Engineer: 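Just dropping this structure here.
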Amino acid sequence: MPDWLHRYAIFVAACTLFLVIAGASVTSTESGLSVPDWPLSYGQVMPEMKGGIFYEHGHRMVASTVGLLTIVLAAWLWRSDPRPWMKRMGLAALGLVIVQGVLGGMTVLFLLPKPVSIAHACLAELFFSTTCAIALFTSREWRAGPVAAAAAGWPAKPGSVIWLPALVLVQVGLGAAFRHKALDVIPHVAGAFVVAAALLFAGIVFLMNYRDHAPLRRTAAALLAITLTQVFLGVGAYMSRVATADAPQPMPVMIILTVAHVALGALTMASSVLMAIQVHRHLRPVSVEAPRMGVSYAR
Amino acid sequence: MNRFAILIPATAGLFLMSCGGGGEPAKKDAEAPKSSATPAAPAGNASISGKAIYSGAKPVLRAVSMDATPACARMHKEPPKSEEVVLGADGSLKNVFVYVKAGLPDQKWPVPGKVTVDQVGCVYKPHVVGLMAGQDIEFLNSDETNHNIHPLPRVNREWNESQPPKGDPKVKQFPKEEIMMPVKCNVHPWMRLYVNVVAHPYFAVSGDDGTFTIPGLPAGEYTVEAAHERFGKQEAKVKVDASGTAKADFVFKAVE
């Protein structure tokens, strides 16, 4: 399996993060319905990019590009990756991006129904996590096989870390519900305390207990750094919203901080998913004999 | 690793379901009454007049930045101020919608001709309008740029339509009563219009000096409501004789 596939998967993940940023910009600039038709824009492939149309149609262009990139990724995995589950994962990623595109179209045609808008925001971050996972699974390090680490304290079972991304998902949903005016900000703020505490706890524990285990250490360090940054960005985004509440239009400071908060939310989601994957991959309960390193396409 | 291959898309599906719900069901409008070109016939000779005043610290209103759309920016010598709060030197408050909320006889009123709203320099003119349920409201676009007109009603039907530069007028109706319904343009997020829909012709919008007059009323006792987009609503009880003028002033304060 060529390293180019891994590099390409990283490229798709990076483009997907840019797509998340473009989508967040649409909501923050209140440009959501500046193009009233879909899938074309004002009946054209390329309308004049001015005002809110720049953000809305720009988002569609980036989304179309990511969709095409995902088709290539799925086809490449199907042809070149010997692991059947990776072939299926490529197809799953393609399915997700198609569903995401349809949800985006529904937000336009049905004038931003809250459940659809929230689902669109949530699925964006899940799709980004999927592309990050594909990038990990196609890496040379992953293909070299697990580097077993005996569980030291918490978590005793590798599967018990799955609640980390689940918790972040709920928090992403609460944030999207606030942005789309389905909920007050209070649930999202309350959720931030819980999720940040959980992620910081997990990150510190993994850093302390597995500092000699490169994959776990790297992932935990990324999780910690992203979570801390996200907390500050969340406070900043909220403060900027309060400070500019009387402005006649969305102010740049609020737009920049909020979009950054959404992008970091996607990174938090992805890093928690990768953390759960790495723990599942490498951690072994104490009672089980640690396997040797080796190439394993089966796992 | 098979479990993870299944887990991620499966979680996506589950989360999609968990994210759903909570929205209001789509509301269908009642049949819109046909508009008439004849003005509403006054049912009496009495009137209610008064003044809307703001009392409190003067709010700081920011200028609208139209830099992102040069076609809008070049229509203004300097960036225009938001019309959210327009105060006179004496505290008089413009753009207050005043209408008879209760006390009118239970009858159908003739629907007058159209109300016109223009989009000039990427600003809705006027900023606040009143109309009767079912009355035509005509949207013009005098700008050399694209607009979209997007009402955000609570009880009427929501719609979102684009209007090309200097495009044909769009004529619409709102069949249900609704006060301070925002209308926005998503292309230019600073653009705001407030549409007020009532079942009768007894309403007015306060002018530059904060004054208003509701003419043609029959004698009676009325509840009059004044609504402002930022400072909320106020009510007053007034009694008018057959050909007299009753006074109703409204003092608004900053909403905490």
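Here is how names work: the chains are called A, B, and so on, in the same order as the sequence lines, proteins then strands, and each is numbered from 1. It should be emphasised that the depicted structure is a prediction, and the values quoted were computed from it without experimental measurement. In what follows, every heavy atom counts, from backbone to side chain, and hydrogens, waters and symmetry copies are set aside.
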Engineer: Heavy-atom pairs under 4.5 Å with chain A are the metric here; pick the option from B:H188, B:M66, B:K184, B:E83 that has the most.
Structural biologist: B:K184
Engineer: Please state whether the side chain, the backbone, both or neither of B:N160 comes within less than 4.5 Å of a heavy atom of chain A.
Structural biologist: both
Engineer: Does any backbone or side-chain atom of A:P113 lie under 4.5 Å from a heavy atom of chain B? Answer side chain, backbone, both or neither.
Structural biologist: neither
Engineer: Distance-only, no hydrogens or angles: does the B:D209 side chain make a donor-acceptor pair with backbone N or O of B:T211 under 3.5 Å?
Structural biologist: yes
Engineer: Less than 4.5 Å to any heavy atom of chain A: does that hold for the side chain of B:S162, its backbone, both, or neither?
Structural biologist: both
Engineer: Let's test your reading of the structure: which of A:G52, A:A121, A:P165, A:S34 forms the most heavy-atom pairs below 4.5 Å with chain B?
Structural biologist: A:S34
Engineer: With a 4.5 angstrom heavy-atom cut-off, is it the side chain or the backbone of B:A63 that approaches chain A, or both, or neither?
Structural biologist: backbone
Engineer: Has the side chain of A:R83 got a donor or acceptor atom that lies under 3.5 Å from a matching backbone atom of A:F137?
Structural biologist: yes
Engineer: Taking B:Q119 for its side chain and B:L140 for its backbone only, find out whether a donor-acceptor pair lies under 3.5 Å.
Structural biologist: yes
Engineer: In terms of heavy-atom contacts, does CG of B:D168 have more than 12 from other residues, nucleotides or ligands at under 6.0 Å?
Structural biologist: no
Engineer: Is a side-chain N or O of B:Q163 found less than 3.5 angstrom from the main chain of B:F139, in a donor-acceptor match?
Structural biologist: yes
Engineer: For B:K81, is it the side chain, the backbone, both, or neither that has a heavy atom closer than 4.5 Å to a heavy atom of chain A?
Structural biologist: neither
Engineer: Hey, which of B:V85, B:N148, B:T69 has the most heavy atom pairs under 4.5 Å with chain A?
Structural biologist: B:N148
Engineer: Let me know if A:S117 has heavy atoms under 4.5 Å from chain B in its side chain, its backbone, both or neither.
Structural biologist: neither
Engineer: Check B:R192 with B:E229, please: is the shortest side-chain N to carboxylate O separation under 4.0 Å?
Structural biologist: no
Engineer: For the backbone of A:Q100 and the side chain of A:H120, can you confirm whether one donor and one acceptor N or O come within less than 3.5 Å of each other?
Structural biologist: yes
Engineer: Mind ranking A:Q249, A:M251, A:E30 by heavy-atom pairs under 4.5 Å with chain B and telling me who comes out on top?
Structural biologist: A:Q249
Engineer: To the nearest 0.5 Å, what is the distance between CG (A:L73) and CG (A:D81)?
Structural biologist: 10.0 Å
Engineer: Could you tell me which portion of A:Y42 (side chain, backbone, both or neither) has an atom closer than 4.5 angstrom to a non-hydrogen atom of chain B?
Structural biologist: side chain
